[in-house]
Amino acid sequence: VRVKILGSAAGGGFPQWNCACRNCSGVRSGGVRANPRLQTQVAISHNGKWWCLLNASPDLRSQILNSPELHPREGQGTRDSPIASVVITGADVDQVAGLLHLREFQPLQIYATESVRGILTEENPIFRALQQAPNQATWRELPANQEFQLDCGDQPSNGFKCESISIAGDFPAYAGGITGSTVARARNSNQAVLGLILHSASGKKLAYLPNVAKLEDSWLPLLDACHTLLFDGTFWDDDELIRIRGEGKSAREMGHIPISGPEGSLKRLAGLTHPRKIYIHVNNTNPILDEDSSERQQVAAAGSEIAEDGWDFEL
Ligand SMILES: [Zn+2]
């Protein structure tokens, strides 16, 4: 399985357009040694011919332009894409906005839970742009806490064996408070945020968990059996945003376990010896973005890595 990291920042990217935090100001001025990052986007391929997108970032258009593997192929006419499917693991803006970049009448399979699909197709009519022609978007059920076949290609046998993990979490704020609608009635909280474990044909596994509010002990053996872990690196501290902005929510309230602290992910994942551990979905306020920070050294000392845009590896 080929894995391409096309973006590694949390929502807003790095730097974020309206943010004057130390990191964002510093990367603009050159005063902080750090690499700018697009919003988190991962693409995977089981055969190098067909690709599956894990979520659809608001930066998706430029991420596709930057990746020759995702361009129209020769000899396929004037409309073509190797992108066969998209898996939507939650309804956050930075996970779904990129679907609108894929609206150009291209056949596409979109996997989402029933509740997330309802938010997108019933409550937010702009996503009907994906359904103007009969063979455009095909919505597929993304089951919670189950194994399923993730199709990626022109034949049903093309694709991945995949497991989904339901993560404690809520639907995004923009989708809250819509009462009386079909979707609100049908909403099932275990369909709000999912993690994925993808299996390669050779038996190696990739875990994709960019939004983890709570790390369950029962997942640890499952994660230790993975070859690579792409894990929630949004915030360093639980009170990071409150400290920097003077207001707001804690990391956990926003659906992200912080990296640091006794119950943080660095400690909780320290016992996993098998997988390559990579933090992704890093918020622009997170000190690990600063290459000279002690926080970045602590991550490295714990044997974990911090994803960069453009990383490309085989599983
Ligand atoms: Zn910032």
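When a residue number appears, it is its place in the shown sequence, counting from 1. Atoms within a ligand are numbered from 1 in the order they appear, just like the ligands themselves.
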Item to check | Atoms of protein origin (N, O or S) under 2.8 Å from the Zn ion (ligand 1) | outcome: C19 SG, C21 SG, C24 SG, N284 OD1
Checklist entry - Is the NZ or CZ atom of R73 positioned over W50's six-membered ring, under 6.0 angstrom from the centre and within 45° of the axis? => result yes
Next on the checklist: Suppose clustering is done on Ile, Leu, Val, Met, Phe, Trp and Tyr with side-chain heavy atoms closer than 4.5 Å. Which residues sit in the same group as L241?
Outcome noted: F235, M254
Checklist entry - Does F148 sit in a hydrophobic cluster with other residues, and if so which ones, taking ILVMFWY side chains as linked at heavy-atom separations under 4.5 Å, directly or through other members? => result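 Reading the cluster by chain and number, F148 sits alongside V1, V3, I5, V42, I44, L54, V87, Y111, L142, L150, F160, L194, L196, L198, L206, Y208, L230, I278, I280, W311, F313, L315.
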Name the atoms and distances for all side-chain donor-acceptor pairs under 3.5 Å in residues 99-109, with sequence neighbours left out.
{"unit_1": "H101", "atom_1": "NE2", "unit_2": "P58", "atom_2": "O", "d": "3.1"}
{"unit_1": "R103", "atom_1": "NH1", "unit_2": "L100", "atom_2": "O", "d": "2.5"}
{"unit_1": "Q109", "atom_1": "OE1", "unit_2": "R140", "atom_2": "NH1", "d": "2.7"}

Checklist entry - How many angstroms lie between CD in E308 and CG in L289, if you round to the nearest 0.5 Å? => result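 Here the rounded value is 9.0 Å.
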Checklist entry - Do D312 and R2 sit within salt-bridge range, that is, some charged N less than 4.0 Å from a carboxylate O? => result yes
